[in-house]
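Heavy atoms only: backbone and side chains are in, while hydrogens, waters and symmetry mates are out. In each ligand, atom 1 is the first atom listed, and ligand 1 is the first ligand listed.
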Amino acid sequence: MPSHPITTSMAPAPAAVIAIDGPAASGKSTIGHAVADRLGYLYYDSGLLYRALTWLALREGVNVDDGDALAALAARTPITVRPPTRADGRHSTVEVAGEDITWDVRRPEVDANVSNVARHPAVRAALIDQQRRGAADGRVVMVGRDIGTVVLPDAPLKVFLVASLEVRARRRYDEMIARGQPADYQSILADMRRRDEIDSLRAVAPLKAADDAVTVDTTGMSIDEVIDHIVALAMGAPTESRPLPGEVRAE
Ligand code: DC
């Protein structure tokens with residue numbers, strides 16, 4: 001006999017760790033941030049580590065094709081990703097050796113080089129512990145490319161977001177225009193296609209869904225629909241929630 005009475009009225013606890021992976025502009029950041037907000041969880045965008053290292057390499061003149069030199073740079077320079085320190089639209093604050101580079105990591109030269117930096121095994125090895133530490137206390141939504149497959153393979157909920165290349169390029173274009181930045185749809189499309197290829201075909205930790213991930217195709221969905229759906233999944237309701245068009249569930 002258990003020494004404590006068994007209660008059946010406890011509210012279901014949401015999945016403590018939620019891994020969201022997907023290609024560029026699949027909605028990971030917006031959706032991951034909103035899901036974290038709803039659940040009162042930490043939001044952790046792992047792509048920011050790769051972006052910060054890329055920004056640093058470009059500034060220090062380190063060759064983005066030299067994995068060992070990049071890993072050495074990561075080892076000697078503290079890169080920090082933490083909750084926002086300013087209310088200027090950021091979802092996280094990114095610092096390198098104490099310098100706030102949150103907006104610099106979104107610059108086009110970082111976009112153009114980050115996939116190359118992220119493809120090196122030595123770079124990935126240098127950054128993995130930091131990501132795992134970020135999830136060690138639970139109550140976290142971590143977004144990236146290999147969170148469900150490599151960084152947090154035991155995450156109780158893994159979501160893989162997909163959307164057509166054209167829809168993603170259009171979203172990125174609209175975002176840039178909304179921020180008042182110059183944007184050209186065709187070059188965004190071409191750059192995104194190139195990054196998809198590098199991220200998906202690299203030898204180590206390529207972009208792919210974990211075997212037990214729920215794949216959600218957001219092409220025809222509103223952001224709010226996707227957020228509601230992932231929150232429902234997180235509340236442990238995978239069998240109660242209605243599968244959405246484009247959703248493929250692991251057997
Ligand atoms: O999500 P993002 O566009 O900010 O990611 C930037 C780059 O970092 C992307 O080209 C792939 C890489 N990345 C990765 O390889 N693994 C992750 N977990 C997150 C990002």
Q) Which value, rounded to the nearest 0.5 Å, describes the distance between Trp103 atom CH2 and Arg86 atom CZ? A)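 One finds 11.0 Å between CH2 of Trp103 and CZ of Arg86.
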
Q) If you round to the nearest 0.5 Å, how far is CZ of Arg90 from CG of Asp45? A)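 Rounded to the nearest 0.5 Å, the CG-CZ separation comes out at 13.5 Å.
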
Q.
Counting only heavy atoms and a distance below 4.0 Å, can you name the residues contacting ligand 1?
A.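 Only Lys28, Ser46, Gly47, Tyr50, Arg51, Val114, Ser115, Ala118, Arg124, Gly144, Arg145, Asp146, Ile147, Arg195, Asp199, Arg202 have heavy atoms that fall under 4.0 Å of ligand 1, ordered by chain and number.
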
Q: May I ask you to decide if Ile79's main-chain N or O and Gln130's side chain share a donor-acceptor pair within less than 3.5 Å?
A: yes

Q: Just grab all the side-chain hydrogen bond (donor to acceptor under 3.5 Å, both in side chains) pairs involving residues 72-85, residues at least two apart or on different chains.
A: Arg82-Glu95, Thr85-Thr93

Q) Say you draw a straight line from CZ of Arg145 to OG of Ser26; how long is it, rounded to the nearest 0.5 Å? A) 7.0 Å

(Q) If only side-chain N and O atoms count, and only distance matters, is there a donor-acceptor pair under 3.5 Å linking Thr219 with Asp217? (A)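 Result is yes, a qualifying pair exists.
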
